[in-house]
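Here the structure comes first, spelled out in structure tokens, and everything after it is commentary.
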Amino acid sequence: MTSTTRVRFAPSPTGALHIGGAHTALFNWLWARRNGGSFVLRIEDTDLVRSTAEFEMTILQGLRWLGLDWDEGPDVDGDHGPYRQSERRDIYLEHAMKLVSSGQAYREGEAVIFSVPRGKMVAFDDVVYGHIEMASDTLKDIVLIKSDGFPTYNYAVVVDDHTMEISHVVRGEDHISNTPKQILLYEALGWEVPTFAHLPMILGKDKKKLSKRHGATSVYEYRDMGYHPDALFNYFALLGWNPGDEREIFTREEAVEMFDLARVTRKAAVFDMDKLNFVNQAHIARISPLERARHTVPFWKETGLDPDSRTEEWLAEVLDLLEGRGQTFRELAEYTDYFLSFEPVKKRYTADDIDEERREILKSFFSTMLSLSSWKPEELEVMAKGWCDEKGVRLKDVAMPLRWALTGRKVSPGIFHVAVFLGRDEVRSRLSHYGLV
RNA sequence: GGUCCCAUCGUCUAGUGGCCCAGGACACAGCCCUUUCAAGGCUGCGACACGGGUUCGAAUCCCGUUGGGACCGCCA
């Protein structure tokens with residue numbers, strides 16, 4: 001019937017967009033884009049008590065942030081709407097009544113219940129898990145319409161996937177056990193059964209289902225921790241799938257090109273922050289300096305700094321000095337605070353580790369340094385090495401005090417690069433604050 | 001309890017009977033580089049859950065055991 005690929009992501013708006021949901025949405029999106037098909041977004045809001053419009057909105061925003069765009073959905077017109085289950089009640093009722101009149105379902109109270117046929121073997125071939133079968137005798141009758149007039153999940157999903165002409169049902173492995181029930185419903189309704197592809201679950205470090213106990217579970221938390229959406233996308237794609245070669249860092253477009261449902265793995269995967277950090281660092285290294293700066297701005301602001309008083313080019317240059325240091329935008333902001341202001345340096349460092357004897361040596365070195373004719377990193381380094389040789393001092397004995405005075409930290413990029421970028425006047429001013437010049 | 005699914009380094013995985021006394025990546029350790037920390041380069045540590053089969057040959061196929069997980073709601 002449907003020759004084109006149509007997949008869907010069907011979240012229920014009872015919470016933020018969680019990692020598991022984002023992972024499922026991602027694989028659906030990948031499959032749709034890979035095949036030039038459609039990605040449909042459907043809101044499963046039949047749980048009156050827990051569903052809210054706010055959650056629906058955050059889920060949509062979360063998907064957008066991740067770069068997962070949909071072709072049809074509650075906010076995008078299509079030929080298969082409406083896209084909220086709460087707006088499709090007449091459709092569910094209509095088909096349920098057909099089952100009642102054909103004797104395959106019965107009423108009990110206000111509800112409509114499907115009688116599961118006895119002695120049947122229900123089987124399907126899952127793209128990921130292979131052949132699965134289950135005896136219908138192990139199933140209880142299935143509630144179709146609840147007493148409140150709303151459909152149940154297992155019923156609504158069948159009606160929707162059929163009427164929306166979904167070709168591939170791609171969802172979490174926790175739905176494998178529901179699949180035979182749904183197939184029975186497809187058959188009773190006389191509908192063609194779609195192709196199923198179940199995805200492995202994502203677990204926490206302790207191999208238990210991911211929950212709040214494992215820390216951040218909503219995609220927004222990752223955004224706020226300083227992860228790039230492309231990196232999260234890349235990392236999610238690697239959970240339960242791999243391209244077949246040894247590439248691990250790739251763009252959205254590259255993933256679309258390489259993706260194949262047939263290569264999805266079956267084992268539940270543990271969400272590993274260390275690997276995510278590595279992937280994020282790799283993406284930060286790949287994006288342009290300007291984009292890096294734009295992503296870091298909110299984090300500078302968060303620590304009370306004022307990046308708006310600088311040009312984007314200047315900010316990008318600052319970040320460039322980091323040369324790979326930092327795994328998140330939050331760290332990038334942290335590691336460069338001293339470029340934007342001397343205040344954080346003063347808070348971190350007081351110079352009370354320097355005794356008088358040491359201070360005299362340093363003053364001598366810094367005055368030579370500040371009077372250098374050329375203010376370039378290489379020149380500063382050559383001068384410093386020469387000076388140290390002559391005085392019988394180790395380079396680190398002058399480089400570290402300089403680092404402390406300029407950055408307030410024991411680690412930083414090459415300190416002569418920092419000094420040059422800060423400028424001779426600013427360096428003199430910071431050194432003089434500590435009485436070192 | 002019933003049904004279903006899963007099982008390769010700590011983690012993500014490659015592997016579909018011989019190319020595997022198992023390859024890559026993260027993490028970890030060491031070395032190189034070096035003014036610190038990163039980055040980068042090199043090296044190392046480290047796994048086929050167990051027991052039976054089938055086969056000339058098994059991580060790969062079959063059976064069982066053990067261990068995980070999911071579902072069994074008028075939740076989704």
Side-chain angles (χ1 to χ4, degrees), chain A residues 10-15 21 44-51 85 108-113 126 128-130 132-157 171-181 198 200-203 205 207-209 235 237-249 263 265-279 281-282 285 322-327 331 335 380-381 384-385 388 394-404 407 409-418:
Chain A
S12 92
T14 53
E44 307 213 332
D45 57 350
T46 54
D47 183 336
L48 270 10
V49 185
R50 298 193 298 147
S51 300
Q85 292 187 330
E108 189 174 291
E110 294 297 304
V112 179
I113 301 173
D126 192 279
V128 176
Y129 286 86
I132 293 173
E133 46 185 52
M134 192 184 285
S136 71
D137 290 356
T138 62
L139 267 24
K140 294 198 283 188
D141 282 358
I142 303 162
V143 174
L144 268 25
I145 305 285
K146 298 181 269 182
S147 302
D148 64 5
F150 279 79
T152 57
Y153 165 76
N154 278 125
Y155 173 58
V157 77
R171 75 231 301 196
E173 179 238 26
D174 48 337
H175 287 292
I176 286 184
S177 309
N178 288 323
T179 308
K181 298 177 202 168
H198 288 89
M201 307 255 78
I202 297 179
L203 311 175
K205 201 98 190 148
K207 302 207 174 188
K208 292 275 165 49
K209 197 168 176 177
Y235 180 65
L238 249 20
L239 249 27
W241 174 78
N242 71 83
D245 55 30
E246 280 166 356
R247 302 191 53 189
E248 296 211 296
I249 303 299
R263 285 196 63 84
T265 62
R266 283 169 284 277
K267 198 180 74 170
V270 173
F271 191 88
D272 180 18
M273 283 296 262
D274 285 332
K275 186 70 176 265
L276 204 216
N277 285 335
F278 168 79
V279 173
Q281 186 168 33
L322 250 25
E323 287 184 304
R325 272 162 273 243
Q327 298 193 297
E331 285 184 350
Y335 295 173
L380 288 194
E381 190 173 335
K385 280 179 173 157
C388 286
R394 290 174 304 175
L395 183 57
K396 64 190 295 187
D397 290 331
V398 298
M400 280 312 287
L402 179 60
R403 172 169 287 116
W404 277 111
T407 73
R409 288 210 168 88
K410 63 170 183 263
V411 303
S412 81
I415 197 57
F416 300 119
H417 282 86
V418 172

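Chain identifiers are assigned alphabetically (A, B, ...) following the order of the sequence lines, protein sequences preceding nucleic acid strands; residue numbering begins at 1 within each chain.
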Legend entry - Nearest listed nucleotide, side chain of A:Arg263, among B:rC5, B:rA14, B:rC74: B:rA14
Inset, instruction - Nearest whole angstrom, please: distance from the C1' of B:rA70 to the NE2 of A:His175. - result: 10 Å
Inset, instruction - Give a yes/no on whether any side-chain N or O of A:Lys267 is located under 4.0 angstrom from OP1 or OP2 of B:rU8. - result: yes
Legend entry - Whole-Å gap separating P (B:rC37) and CD (A:Glu323): 15 Å
Legend entry - Listed nucleotide nearest any side-chain atom of A:Lys146, set B:rU11, B:rC75, B:rU3: B:rC75
Legend entry - A:Asp274, nearest nucleotide to its side chain (from B:rC6, B:rU3, B:rC26): B:rC26
Legend entry - Among B:rC37, B:rC6, B:rA76, the one nearest A:Tyr129 by side-chain distance: B:rC6
Inset, instruction - Among the candidates B:rA70, B:rU35, B:rC4, find the nucleotide nearest to the side-chain atoms of A:Lys396. - result: B:rU35
Legend entry - Nearest listed nucleotide, side chain of A:Gln327, among B:rC4, B:rA27, B:rC72: B:rA27
Legend entry - Interatomic distance, A:Trp404 atom CH2 to A:Arg409 atom CZ [nearest 0.5 angstrom]: 9.5 Å
Inset, instruction - Report yes if a side-chain nitrogen or oxygen of A:Lys207 is closer than 4.0 Å to either non-bridging phosphate oxygen (OP1 or OP2) of B:rG10; otherwise report no. - result: no
Legend entry - Atom-to-atom span, NE2 of A:His417 to P of B:rA39 - whole angstrom: 18 Å
Inset, instruction - Quick one: label A:Phe150 by what it contacts on the DNA or RNA (base, sugar-phosphate, nothing), any heavy atom closer than 4.0 Å. - result: nothing
Legend entry - Separation of B:rC75 P from A:Asn154 CG (nearest whole Å): 12 Å
Legend entry - Minimum-distance nucleotide (side-chain atoms of A:Thr138 versus B:rA76, B:rU35, B:rU3): B:rU3
Inset, instruction - Please report, rounded to the nearest Å, how far the P atom of B:rC26 is from the CZ atom of A:Phe278. - result: 4 Å
Legend entry - Closest nucleotide among B:rA76, B:rC12, B:rU35 to the A:Ile415 side chain: B:rU35
Legend entry - C1' gap between B:rG40 and B:rU34, integer Å: 12 Å
Inset, instruction - Would you mind classifying the nucleic acid contact of A:Arg409 as base, sugar-phosphate or nothing, using non-hydrogen atoms under 4.0 angstrom? - result: nothing
Legend entry - Short side-chain N/O contact from A:Thr152 to OP1 or OP2 of B:rA76, under 4.0 Å: no
Legend entry - A:Tyr235 and A:Phe271 aromatic centres sub-6.0 Å: yes
Inset, instruction - Looking only at side-chain atoms of A:Thr46, point me to the closest of B:rA38, B:rA76, B:rG24. - result: B:rA76
Legend entry - Integer-rounded Å distance: B:rA76 P and A:Gln85 CD: 8 Å
Inset, instruction - Classify the nucleic acid contact of A:Arg403 as base, sugar-phosphate or nothing, counting any heavy atom under 4.0 Å across all strands shown. - result: base
Inset, instruction - Round to a whole Å and report the spacing from CG of A:Asp245 to C1' of B:rA14. - result: 11 Å
Inset, instruction - Establish, with yes or no, whether the OP1 or OP2 oxygen of B:rU13 is under 4.0 angstrom from a side-chain nitrogen or oxygen of A:Asn242. - result: no
Inset, instruction - Using a cut-off of strictly less than 4.0 Å, decide whether A:Lys385 has a side-chain nitrogen or oxygen near OP1 or OP2 of B:rU35. - result: yes
Legend entry - pair A:Val398-A:Cys388: side-chain heavy atoms closer than 4.5 Å: yes
Inset, instruction - Could you say whether A:Gly324 or A:Lys275 is positioned toward the 5' end of RNA chain B, judged by the nucleotide with the nearest heavy atom to each? - result: A:Lys275
Inset, instruction - Could you check how far CZ of A:Arg325 sits from P of B:rC37, rounded to whole Å? - result: 10 Å
Inset, instruction - Determine the Euclidean distance between corresponding C1' atoms of B:rG23 and B:rA59; express it in Å to zero decimal places. - result: 13 Å
Inset, instruction - Report the base-pairing partner of B:rA70 (Watson-Crick or G-U wobble, both distances below 3.5 angstrom), or none. - result: B:rU3
Legend entry - side-chain N/O A:Thr265 vs B:rU13 OP1/OP2, d < 4.0 Å: yes
Inset, instruction - Could you work out the separation of B:rC20 and B:rA14 based on their C1' atoms and round it to a whole Å? - result: 11 Å
Inset, instruction - Give a yes or no on whether a donor-acceptor pair under 3.5 Å exists between the nucleobase atoms of B:rC4, that is its base, and the side chain of A:Ser177. - result: no
Legend entry - Touch class at under 4.0 angstrom, heavy-atom based, for A:Pro11 against every strand present: nothing
Legend entry - Value rounded to 0.5 Å, distance of CZ in A:Phe416 from CZ in A:Arg403: 8.5 Å
Legend entry - From A:Thr46 atom OG1 to A:Lys146 atom NZ, the distance as rounded to the nearest 0.5 Å: 4.5 Å
Legend entry - Exercise: identify the closest heavy-atom pair between A:Ser51 and A:Asp45: OG-CA, 3.5 Å
Inset, instruction - Find the distance between OG1 (A:Thr179) and NE2 (A:His198) and round it off to the nearest 0.5 Å. - result: 3.5 Å
Legend entry - Nearest-0.5 Å distance, CE of residue A:Met400 to CD1 of residue A:Ile415: 8.5 Å
Legend entry - 5'-most by nearest nucleotide on RNA chain B - A:Gly414 or A:Gly240: A:Gly240
Inset, instruction - Considering only atom P, compute the distance from B:rG67 to B:rA49 and round it to an integer number of Å. - result: 16 Å
Legend entry - Interatomic distance at C1', B:rA27 relative to B:rU13, whole Å: 15 Å
Inset, instruction - Measure from the side chain of A:Glu248, starting at C-beta and using heavy atoms only, and say which of B:rU36, B:rA76, B:rG24 lies closest. - result: B:rG24
Inset, instruction - Scan A:Glu133 against the nucleic acid and name what it touches under 4.0 Å (heavy atoms): base, sugar-phosphate only, or nothing. - result: sugar-phosphate
Inset, instruction - Answer with base, sugar-phosphate or nothing: what part of the nucleic acid does A:Ala111 contact at a heavy-atom distance below 4.0 Å? - result: base
